[in-house]
2 protein chains.
Amino acid sequence: MSATVEELSPRAREVVAAARELLEAEGAEAFTMRHVADRLGVRAPSLYKHVPDKETLEAAIIAEGLAESAERFEAAVVADRRRPLRALAAAYRAFALEHPHLYRLMTERPLRRDLLPPDVEERAAAPLVEAAGSVDRARAVWAFAHGMTILELNGRFPPDADVERAWREGIRAFEPPR
Amino acid sequence: MSATVEELSPRAREVVAAARELLEAEGAEAFTMRHVADRLGVRAPSLYKHVPDKETLEAAIIAEGLAESAERFEAAVVADRRRPLRALAAAYRAFALEHPHLYRLMTERPLRRDLLPPDVEERAAAPLVEAAGSVDRARAVWAFAHGMTILELNGRFPPDADVERAWREGIRAFEPPR
DNA sequence: GTCTATAGTGGGATAGAC
DNA sequence: GTCTATCCCACTATAGAC
């Protein structure tokens, strides 16, 4: 019975939009069904007429995030064909820092692939796989980028750390020697 | 008023031990003051006579985790002097997979350095800084290792992903050419 | 499509008696 | 050092009327 994003009713899409705004503005702790309902001027139980449960709502938001980041990655490699890895790293970091709460939601749990449109995940990954030269290398680069990003978002680097330099060191390590 | 681990009373240390056992066995959601109390055969409010609050309890557990991982990193570089980065990566991953819930606690939030013994963090980092050749490179390698680890723990790699190969690709990228 | 009412579950923390 | 009682908070989800 699990509906994919595209199969949602118009009213359900409004629920998704409100939920995403709430998440992005106030973070995961504030992301409750009550608060989503508040944004729509409605009571929480009413949401369940449109969306089966909270997980489906989250999956719909994640699908949007994947689609949007795919677009940005595609644009990044087009804009800098000579150093695609560096361009992708910059685009990746920028997206995450612009949407920290969404980014966390997208990475902190197993993907409910059964609730996502068929190819979003692959499309988001494609530019990096291309730039890295193999899936395995792409996963290593992704791990580096995610590690940098999430450690920064988590405030885990020491206060005096030079995050930019660490990014540069990682990119240099993965880029082919020029 | 914030006490460091060493300043805890004997009874408080028992509370920390019970809390850690609980966390490691049942995960962060199960890690509540009520459940910690259950483990000790006591009511939750009694804990507050020994530990000021939950955050201090968490900091004490994190301090243990940092000290133990420091020991393992030190042993790893001694055991394989020719490829310290590979040895450290293996030790890092092993520690995280053996203590997944502890590992999450140690990385998912800003370190409360004010609640930790003075040099634990630096000691845990030292072997990698040495092996990587600079702090910035060390942070890049750490990000890669953390990214691999947490994406694996989060179940975020596709089901068919070959995690070992990705690890090898990352280590190869950061190791000096031989 | 929305409501009220409510079930059921859980959390951290404090006051004050023993 | 431990207790009971309690405060106050939060959540997801359902039943059934309108």
Side-chain angles (χ1 to χ4, degrees), chain A residues 1-3 5 7-62 101-102 104-105 108-110 112 114-115, chain B residues 1-3 5 7-62 101-102 104-105 108-110 112 114-115:
Chain A
M1 303 305 94
S2 46
V5 204
E7 297 157 3
L8 296 175
S9 72
R11 185 58 170 154
R13 286 170 185 271
E14 292 177 24
V15 174
V16 174
R20 178 174 173 178
E21 282 169 29
L22 172 65
L23 171 71
E24 298 228 38
E26 305 185 37
E29 331 79 64
F31 178 18
T32 69
M33 296 303 268
R34 278 155 154 77
H35 287 161
V36 173
D38 286 348
R39 289 223 158 207
L40 292 166
V42 139
R43 303 288 177 177
S46 306
L47 302 177
Y48 292 91
K49 296 288 183 185
H50 310 288
V51 165
D53 53 30
K54 205 188 175 192
E55 261 204 295
T56 304
L57 194 47
E58 291 168 345
I61 297 172
I62 289 169
H101 300 300
L102 172 58
R104 281 182 198 280
L105 183 66
E108 80 193 355
R109 287 181 288 164
R112 286 296 305 271
D114 56 323
L115 299 180
Chain B
M1 306 302 97
S2 45
V5 204
E7 296 156 3
L8 297 175
S9 72
R11 185 55 170 155
R13 285 170 185 272
E14 293 177 24
V15 173
V16 173
R20 176 173 175 180
E21 282 169 30
L22 172 64
L23 171 71
E24 298 228 38
E26 304 186 36
E29 331 78 67
F31 177 18
T32 70
M33 296 302 270
R34 279 155 153 81
H35 287 160
V36 173
D38 286 349
R39 287 224 158 206
L40 292 165
V42 137
R43 302 289 178 179
S46 306
L47 302 177
Y48 292 90
K49 298 288 184 185
H50 310 289
V51 165
D53 52 30
K54 204 188 177 194
E55 262 205 293
T56 304
L57 194 47
E58 291 167 345
I61 297 171
I62 289 168
H101 300 299
L102 172 58
R104 281 182 197 281
L105 183 66
E108 81 193 353
R109 287 180 288 163
R112 288 295 306 269
D114 55 322
L115 300 180

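A note on names: the letters A, B, ... follow the listed sequences, proteins ahead of strands, and every chain is numbered from 1.
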- Query: Do B/Leu22 and B/Asp38 have side-chain heavy atoms sitting under 4.5 Å apart?
  - Reply: no

- Grab the CG-P distance between B/Asp38 and C/dG12 for me, whole Å please. 12 Å

- Could you give the CG-to-P distance, from A/Leu47 to C/dC3, as a whole number of Å? 9 Å

- Counting N and O atoms only, with roles assigned by atom type, does the side chain of A/His101 sit under 3.5 Å from a partner on the main chain of A/Leu23, one being a donor and the other an acceptor? no

- Please determine if a side-chain N or O atom of B/Ser46 lies less than 4.0 Å away from the OP1 or OP2 oxygen of D/dG1. no

- Item | Side-chain donor or acceptor of B/His50 paired with backbone N/O of B/Arg11 under 3.5 Å | no

- Is the phosphate of C/dG11, meaning OP1 or OP2, less than 4.0 Å from a side-chain N or O of B/Thr32? yes

- Given D/dG1, is OP1 or OP2 found less than 4.0 Å from the side-chain N or O atoms of B/Arg43? no

- Message: Using whole Å, what does the distance between atom P of nucleotide D/dC8 and atom CE of B/Met33 come to?
- Response: 21 Å

- Message: Less than 4.0 angstrom from a charged side-chain N to a carboxylate O is my criterion; do B/Arg39 and B/Glu26 meet it?
- Response: yes

- Base C/dG12 paired with B/Arg34 side chain (donor-acceptor, <3.5 Å): yes

- Residue mapping more 5' on DNA chain D - nearest nucleotide basis, A/His35 or A/Pro45: A/His35

- Message: How many whole angstroms separate atom OH of B/Tyr48 from atom P of C/dG16?
- Response: 18 Å

- Query: Taking only side-chain nitrogens and oxygens of A/Lys49, does any of them come within less than 4.0 Å of OP1 or OP2 of C/dG1?
  - Reply: no

